Amino acid sequence: MTKLRAVITGVAGYVPEDILSNADLEKMVDTTDEWITTRTGIKERRILRTPGKATSDMGAEVTKELLRKTGTSPDEIEMLICATVTPDTIFPDTANTILDKVGAKNCFGYDINAACSGFLYALTTGAKFIESGMYKKVVIIGADKMSSIVDYTDRTTCIIFGDGAGGVMLEASDDGTGVIDAVLRSDGSGREFLHMKAGGSMKPASIETLAKKEHFVFQDGKPVFKAAVTGMVNTVRQVLQRNHLTIEDIDWLVPHQANMRIINSVGEMLEVPKSKVMVNIEKYGNTTAGTLPLCLWEYESRLKKGDNVMLTAFGGGFTWGSMLLKWHYDT
Ligand code: UT7
């Protein structure tokens with residue numbers, strides 16, 4: 001009997017309408033369009049400016065689109081996992097708020113905090129609930145309102161991040177497609193290079209933490225850059241080896257969109273032609289947990305049933321990993 005696998009039966013994305021361009025940033029910090037473009041590949045990003053709107057609102061838009069595309073009613077969702085580092089509130093979690101906003105009452109959900117690798121972690125987790133036969137419909141969301149934790153006076157971080165969300169519907173199939181394998185890793189000793197200093201139990205919010213701007217993203221970019229390239233390349237190779245594949249067998253490489261130079265380095269080291277690498281960083285910047293599903297969403301019409309798709313990501317923690325999936329449907 002063929003193995004029961006979790007297949008993606010629909011993909012959706014949502015980005016806010018407001019655009020923050022490199023020209024806008026030139027007026028806010030000491031930077032230039034030329035520096036940002038050559039050092040990161042980013043031209044613009046989206047910002048969720050509507051007061052009171054949060055990560056769950058973007059996640060709810062994605063979930064509604066997934067329901068529409070897959071002909072699913074809210075009551076049929078059994079589980080929703082939301083990957084995010086910008087939850088609406090520290091508690092309750094954003095997954096539950098999304099479920100409430102889409103009117104899903106027969107299910108449960110929770111958040112996964114693995115920064116830019118969050119979507120991979122969540123997709124792997126959701127796939128196991130499908131493979132075990134426990135659930136038939138699981139929604140996986142990657143969503144971040146990075147503008148809520150970015151210091152728009154810090155030119156080293158504010159040029160990188162944007163807001164956005166994407167997601168997939170997971171269902172069961174035994175047709176040989178779906179999530180095949182994943183290698184996930186983490187190394188907590190990397191936390192000093194990319195983190196938020198205050199607001200958690202180690203350093204609760206205070207007037208002092210506010211004054212020191214400790215509720216924003218802190219990043220030491222260079223070590224993160226190096227670890228990102230190594231981590232993504234190594235885990236892609238491990239997944240290939242475990243599955244007796246070579247890079248020529250891969251139809252699409254879907255890398256986390258953190259920096260065009262990182263994407264190029266990973267592609268070159270793996271010897272993947274540029275035509276097989278999904279890229280949309282120029283439009284959205286780094287949307288953290290949103291980048292991978294936003295890429296799948298934009299390239300959906302070019303994906304064909306049976307395509308071997310390799311997802312790879314690296315983020316704060318450090319967290320990283322790669323996943324092989326066989327695409328389930330033609331659009
Ligand atoms: O998604 C999660 C994982 N995150 C990542 O993967 C991000 C990894 N890191 C990066 O993408 C890059 O390290 C950055 C884009 C963050 C920075 O690029 P870089 O090439 O590593 O620049 P740098 O930090 O080495 O800075 C080079 C110079 C510095 O000036 P000096 O010291 O050489 O005079 C910076 O002050 O560029 C300066 N600089 C800028 N100049 C103009 C830094 N940011 C800017 C800016 N505009 N926005």
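What's counted below: heavy atoms across the whole structure, side chains too, no hydrogens, waters or symmetry copies. Start at 1 and go down the list; that is how both ligands and their atoms are numbered. Owing to the predicted nature of the structure, the values given are computational and were not obtained by experimental measurement.
When Arg39, Arg155, Glu34 are checked for heavy-atom proximity to atom 20 (O) of ligand 1, Arg39 turns out nearest.
For Arg49 and Asp18, the salt-bridge test passes: some basic side-chain N is under 4.0 Å from an acidic carboxylate O. A salt bridge is absent between Asp251 and Lys276: the closest approach of a Lys/Arg side-chain nitrogen to an acidic carboxylate oxygen does not fall below 4.0 angstrom.
Within the 4.0 Å heavy-atom criterion, the part of Ile160 lying near ligand 1 is the side chain and not the backbone. For Thr288, no heavy-atom contact with ligand 1 is shorter than 4.0 Å. Proximity of Ile159 to ligand 1, defined as any heavy-atom pair under 4.0 Å, is confined to the side chain (atoms from C-beta onward).
Qualifying ring-ring contact (aromatic ring centres under 6.0 Å, His included) partners for His195, counting only residues two or more places apart in sequence or in other chains: Phe218. Taking Asp175 as the reference, Lys305 meet the salt bridge (Lys or Arg N to Asp or Glu O under 4.0 Å) condition, with sequence neighbours excluded.
In this pair, Phe108 and Tyr135 present their aromatic rings tilted. The plane angle is within the 30 to 60° band.
Among the candidates Phe225, Phe193, Trp320, the single residue satisfying the ring pair (Phe, Tyr, Trp, His ring centres under 6.0 Å) test with Phe314 is Trp320.
Residue Thr32 has no N or O atom closer than 3.5 Å to an N or O atom of ligand 1. For a threshold of 3.5 Å applied to N or O pairs, the pair formed by Gln219 and ligand 1 contains at least one separation below that value. Note: an N/O pair closer than 3.5 Å links Gly221 and ligand 1 by distance alone. Any N or O atom pair closer than 3.5 Å counts here, and Arg261 shares at least one such pair with ligand 1.
No hydrogens or angles considered: a donor-acceptor pair under 3.5 Å links the side chains of Asp24 and Ser21.
If you check which protein heavy atom lies closest to atom 26 (O) of ligand 1, you get Trp35 CZ2, 4.4 Å.
Using a 4.0 angstrom heavy-atom cutoff, Ile36 does not count as in contact with ligand 1.
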